[in-house]
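Below: one structure, written as structure tokens.
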Amino acid sequence: MQKTSNAARAAYAALLVLIVIAPLIGLYPVFVMKLLCFALFACALNLLLGFTGLLSFGHAAFFGFSAYVAGYVIKSLGWPPELAMLSGLVVGALIGLVFGVVAIRRQGIYFAMVTMALAQMVSFICLQAPFTGGEDGLQGVPRGKLLGVFDLGSDTVMYYVTALVFVLVYLAIRRIVTSPFGQVLKMIRENEPRATSLGYEVDRYKLLAFVLSAAVAGLAGSMKTLVMGFATLSDVHWSTSGEVILMTLLGGVGTFFGPVFGAGVVVALQDLLADKVGAWVTVIIGAIFVLCVLAFRKGVVGELHDWYERRRARA
Amino acid sequence: MLEIFGIPLQAFLGQLILGLVNGAFYAMLSLGLAVIFGLLDIVNFAHGALYMVGAFAAWIMLDKLGVNFWLALVLAPLVVGVLGVVIERTLLKRLYGLDPLYGLLLTFGLAQILEGVFRDQYGVSGQSYPVPDLLSGATNLGFMILPNYRAFVVLASLVVCLFTWFIIERTRLGAYLRAGTENARLVQAFGVNVPLMVMLTYAAGAALAGLAGVLAAPIIQVTPLMGSNLIVVVFAVVVIGGMGSIMGSILTGLILGLIEGLTRVFYPEASSVVVFVIMVIVLIFRPAGLFGKEA
Amino acid sequence: QSNSGPVRIGFITDMSSLYADIDGPAGAEMIKWAVQDFGGKVLGRPVEVLSADHQNKADVAASKAREWMDKENLAMLVGGTSSGTALAMSKVAAEKKRPFLVNGAGSARLTNEDCSPYTVHYAYDTVSLAKVAGSALIKAGNKSWYFLTADYAFGASLEADATAVIKANGGTVVGSVKHPLNASDFSSFLLQAQGSKAQILAMANAGGDFTNAMKAAKEFGITKSMKVAGLLVFINDVHSLGLQNTEGLELADSWYWNQDDASRAFAKRFFEKYKRMPSSLQAADYSVTTQYLKAVQQAGTTDADKVMATLKSMKIKDFYNEGTIRADGRMMHDMYLYQVKGLKDSTTPWDYYKLMAKVPAAQAFTTVADSKCSLLKK
Amino acid sequence: MQESRLAGEFILETQGLTKEFKGFVAVNNVDLKVRRGDIHALIGPNGAGKTTFFNLLTKFLPPTRGKITFNGTDITHEKPAQTARRGIVRSFQISAVFPHMTVLENVRAALQRGLGTSFHFWRAERSLYPLHERAQELLAAVDLSSFANELTVNLPYGRKRALELATTMALEPDLMLLDEPTQGMGHEDVGRVTELIKKVASGRTILMVEHNMNVVSSIADRITVLQRGTVIADGPYSEVSRNPQVIEAYMGSADAALQGAH
Amino acid sequence: MTKELLRIEGLNAWYGESHVLHGVDMTVNEGEVVSLLGRNGAGRTTTMRAIVGLTGTRQGSIRINGEEAIKLPPHKIARLGVGYCPEERGIFASLSAEENLMLPPVIGPGGMDVDEIYTMFPNLKERASSPGTRLSGGEQQMLAVARILRTGARLLLLDEISEGLAPVIVQKLAEMILTLKAKGYTIVLVEQNFRFAAPLADRFYVMEHGRIVRQFEQSELADNMAMLQEFLGV
Ligand SMILES: Nc1ncnc2c1ncn2[C@@H]1O[C@H](COP(=O)(O)OP(=O)(O)OP(=O)(O)O)[C@@H](O)[C@H]1O
Ligand SMILES: Nc1ncnc2c1ncn2[C@@H]1O[C@H](COP(=O)(O)OP(=O)(O)OP(=O)(O)O)[C@@H](O)[C@H]1O
Ligand SMILES: [Mg+2]
Ligand SMILES: [Mg+2]
């Protein structure tokens, strides 16, 4: 297991401080919240891609559908935000279970394709189902009061709630990866037939990993609805699945912090560049994809980690 | 009037014919994908973009240089093929031997780049390409009026598909291709110029996409997004047919076109998703696809 | 909302996707022209124009709008094409209390069940399109209709509004088929339409979807057996289809470049820059900006509530249109029914339309009695 | 009843076990009995069906016909992981370790299942540390103690096989299936691994496929010879190696018989 | 004067960043059988792969039939008359056994014909139409060897060809190598199975840590047994 190095510890401390003071140093809180939601989403994908070795090209389904569910329970049923988040998590896990049962038996490229196809169906349901608002999406979802006390209408309160959820889930993912269960996932990634012959029913482990990942993605989706106030078709579109892969890849597949970094870069790019360069955003995002795959496959964080290790080895 | 499940026979037949036209495009595109996946082990996400480039190439040739359809039918695939050569030489070449997922991701990025560039240049509202004069009429089939051009598309695609199938499954070159699929280095060590073969394969796959693009241009608007709308469906076709299976992707392409046509009769909204439903069902019962060999 | 520093106006529209030609970058330029022509300043403060692309995505539109209102202290927002994005931005504007002026979006919900005190629907809406085109066609004896409808809010409301008009005028709707937004191939939908044997094939879609469907209808010989009605057709669509494909098509619009001298002057200036004629939306972008600046001037503040009150009380008149803004935010202006000319009748470039009828505002838009907007009930 | 079966003489029995591949019979009606505590070798010419037979036992392939009984229980229709938990564990023809885990973790991976916490995703890794002691013991048994914290990829080939044996032992199998355990090994390693197998065999049963007759002759208690999917001889080495049919089909000319080619 | 068919000087090779061969020198004369000995990981397979151009980076000189091949890509090297039978066999799953056999292009005259091959390996004939990787381990090994005998390559690089084969087949292989030698083929044998290689080779090279550490003739074999014992534990 990779031990937390001093450098990593320092980086985490810095990050935590940054998260706490972000709104105080003039960062636009809605932007940072959006970033954290996508970071969560990317962490969810990474749990699967990085730590189980399964590439899902359909993660937007969990993220997006849960986003709708959260919006629906708040807007139409008047549920409080904490229940909305919870329902996002649960719904994500449930769809994950369905997807998992179908897809888990396939590997590699096939797995990617099957998840993509299943996600297309979810996206179709979202287009057709009456409660999603079709092409227009669910708009104007109020944030409400957390636990009946904290008014999330204030960006600052909402921000700290989001940050707290993020930190907790991030720690939870770390725990999952190093847990006894995480060890089995690692075996599966390294040598699946061997894991089977040791008596592990790998499909069940993969399925649980898939469900956990989907649950986190669902939570991220419902958080996003709370933060932004809407859920739309682009949340379930396959290009969102592509984007979250890019985030993970850019930051570093199989590193803990990589997806967070990747989400930061991609969200920031889209935010900063959208008005300035128009269609070139797509070109730039595409180019980053290409560059990542060609030049730093381990992602920025992965490469940094390697570089640090090498330097230490030399010293 | 004769009816099938409450649908007039005429409408039924008409939709089948139209499904076949769509199927012809699925077949051509999935064939190219299968060929590329076979030899390069790359799921070519850029395939849709290459299809789009093919259509644009034809449109630009007509618009700027006055090149007619028949000439474009040859030239545009060539252009796309050359683009394929460039892509293979500069980018894909560096991925051989890695996990195929990297190929998927790289070409995904590539598709975005191509699409973005054309969007910047031409917007998304679409350009129209006239039907060539020779085929401009329509034939009254009794149950529907079928534009001659669409009949031509089906025919042309069948010819192209069968030709490609023959090369791959029945010639020595094809045997190299199939062996190269598994262990290109070893085939090369036997004395086969594999890098050249790989390059030409990608170029040929790209050219097929380009050809499909040219054929599509007179039917639909030529827009930068035309490829990305189609590619996900074509992926599903390839998976249903069995990844890497040549005949599988041709047949599945045609069949799914027909099924989609039928869906349009019974539940039009679902026509865009029926392919995925079928894909899931097929994979549950035949994990390697309809025509795929067991893994 | 501070009272010093620049006055920022935002414009969020489809700059790159389906409707970019109808509105898009040229629309943004029109807003800038309006500001320039106004002197570049209002209340002694410089006016700045921000613009952004929402790619037809409601989420992108809403978050951009929110960001500008939070971070840039935006004074007013102009919303471009597509109903979903406009509805989303309208919610944000209401929450943040900023004037939101809509041109490109069609859905009449903006001033009906989803109305807001800060939203103005300035150009056309689905109700007016339906009333103008629908009633004219029915009067000409086309009683049975079949709809080809884009499968999203705009298409649905266009179909619903048109259906109401048809029924009210004694016509019948024999069926409809929904197609996905941005469909690539319409042949199968058209085949179904043809089976219906209706007199009119009404296209409740727009932009690329409309042009594609129109082309295919021609190709499959459907135009021979049915008359096609485009419920939302812009001059750019006619241009790209060509007169040979559109001759005789009747359509409703709020403005045409060749309707009077003022319009022609504006169009000439536009043509010099873009080598094409402006759409009604681009004209409306210019107009709505000018009117807003006038209202600010008149109110002596950029305060949203005061500016809205002024806008709703003033009389509006310029080359684009003439009328007043109703309490629900609906700009009440005349609408027009045009018919596309044949190749022979078209004498100059872009000379495409023949005016068939002018429909007064009161008959074109939702009446106060029919509206569900609470702002009208007070 | 159950008791007496468990203590039965034969740990594994197959009856009429058959596997056909599209008309080609790879394993044909094999009745094999493996005595508890034996090292039992399965030999035979190439393509005789040895690996296929192993695949049937471990459920990697479903049999076309026949029955497999393990410790008196019919396991013919169980899943691979199930048979592993019953105590049938196989090692692979090619070395199969977890390359990017340390040697210690590799062994721990096998021990972990016994804790029953493998689905506990909320527990810390620390909860696995108590297993280290046993893991170290196993590593010591195969002479790998000094490699415990090495990444497994970096081990030489022979050490990997040793590790694999340690991992297999960690599962406390009643029956170990070894498919060509010395394949691709240098002479030194062959010697070491042979010794190891002998060592781990105490207290359990081993069924192995092996082409190296030196190894077979030195450790196997009993030998079954398979040809074209059928058993052609069965018995102790001294007996089988003189069987003319076996010499003809497998061992080649008589001189080489006792030595094998190695 | 015997002709040098293969001459390697100062050959260095890397897998990614790991430097595996550190200056290998060896020569093989036409018509000779040369055996490369060494422990697991000594670098014998790497040497073979370097000759055919399959390692990552290579430096030094490899002359085949007098032509410098260090800069050539694998397919050009093969065309100089080299046939390579890889350690991992390299049987193609998507090709039938027969297609596998027929796959390598004929690069020169003098190859065996298919009947001859089938007589030598009857298993292959029987399984001719089944997919390559459905053959048993040993059958695949036979196929891998048989495959390069057809091509007319005169320099055969055989890596661990006796591995996983029944003793009876190993004996046949030994006979086959003698036949090939009699026909004038030149052979480099890499073998763990010393007893198989010992009687066949004319000369031996011993490798250790990516270098050649010893070289001797068949006639000197007896004198070198002690040394081999030390190196290989034979
Ligand atoms: N999946 C399969 N499909 C078809 N035939 C197969 C399959 N697996 C094995 N065979 C055939 O069954 C026979 C037995 O194969 P098996 O691998 O069991 O042999 P083996 O005894 O292990 O031989 P070796 O000593 O060479 O490893 C072979 O002829 C092989 O070609
Ligand atoms: N693909 C590879 N990547 C990195 N290192 C490798 C690779 N293949 C071999 N090596 C290393 O190169 C060294 C030489 O290996 P090589 O395969 O040439 O040895 P060998 O003498 O053939 O031994 P063996 O008996 O194991 O076949 C070994 O240390 C091995 O670990
Ligand atoms: Mg075997
Ligand atoms: Mg070797």
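Worth saying up front: this structure is predicted, and the values here are computed from it rather than measured. Convention: sequence-line order gives letters A, B, ...; per-chain numbering from 1.
You'll find the side chain of D:Leu178 reaches within 4.5 Å of the side chain of D:Leu165, heavy atoms only. The shortest side-chain heavy-atom distance between A:Leu198 and D:Phe98 falls under the 4.5 Å cut-off. Side-chain atoms of D:Leu115 and A:Pro180, non-hydrogen and from C-beta on, never get closer than 4.5 Å to each other.
Interface check for chain D: of the options A:Gly199, A:Ala209, A:Ala195, the most heavy-atom pairs under 4.5 Å are formed by A:Gly199. Of the residues considered (D:Arg113, D:Arg85, D:Arg126), D:Arg113 shows the highest number of contacts with chain A, using heavy-atom pairs under 4.5 Å. Note on D:Arg86, D:Arg108, D:His100: by heavy-atom pairs under 4.5 Å with chain A, the leading option is D:His100. Counting heavy-atom pairs closer than 4.5 Å to chain A, the top residue among D:Ala84, D:Ser127, D:Ala109, D:Pro80 is D:Ala109.
Using a cut-off of 4.0 Å between Lys/Arg side-chain N and Asp/Glu carboxylate O, A:Lys206 and A:Glu201 are scored as not salt-bridged. Salt bridge annotation for A:Asp203-A:Arg105: absent, with no cationic side-chain nitrogen under 4.0 angstrom from a carboxylate oxygen.
In the model, D:Asn71 has no side-chain atom that pairs as donor or acceptor with a side-chain atom of D:Thr73 under 3.5 Å. For the residue pair A:His305 / A:Thr255, no side-chain donor-acceptor distance below 3.5 Å is found, with atom types taken as modelled. For the residue pair D:Thr152/D:Asn106, the side-chain donor-acceptor check at 3.5 Å is satisfied.
A donor-acceptor pair under 3.5 Å links the side-chain atoms of A:Ser179 to the main chain of A:Gly182, judged by distance alone.
Only the side chain of A:Leu212 comes within less than 4.5 Å of a heavy atom in chain D; its backbone stays farther off. There is no contact between D:Lys59 and chain A, counting heavy-atom distances below 4.5 Å. Both the backbone and the side chain of A:Arg204 come within less than 4.5 Å of a heavy atom in chain D. Of the two parts of A:Ile176, the backbone and the side chain both hold a non-hydrogen atom closer than 4.5 Å to a non-hydrogen atom of chain D.
Between A:Phe181 and A:Tyr205, the ring planes are parallel. Angles under 30° get that label, and only those over 60° would be called perpendicular.
Within residues 166-176 of chain D, the residues having any heavy atom under 4.5 Å from a heavy atom of chain A are, by residue number, D:Thr167, D:Thr168, D:Leu171.
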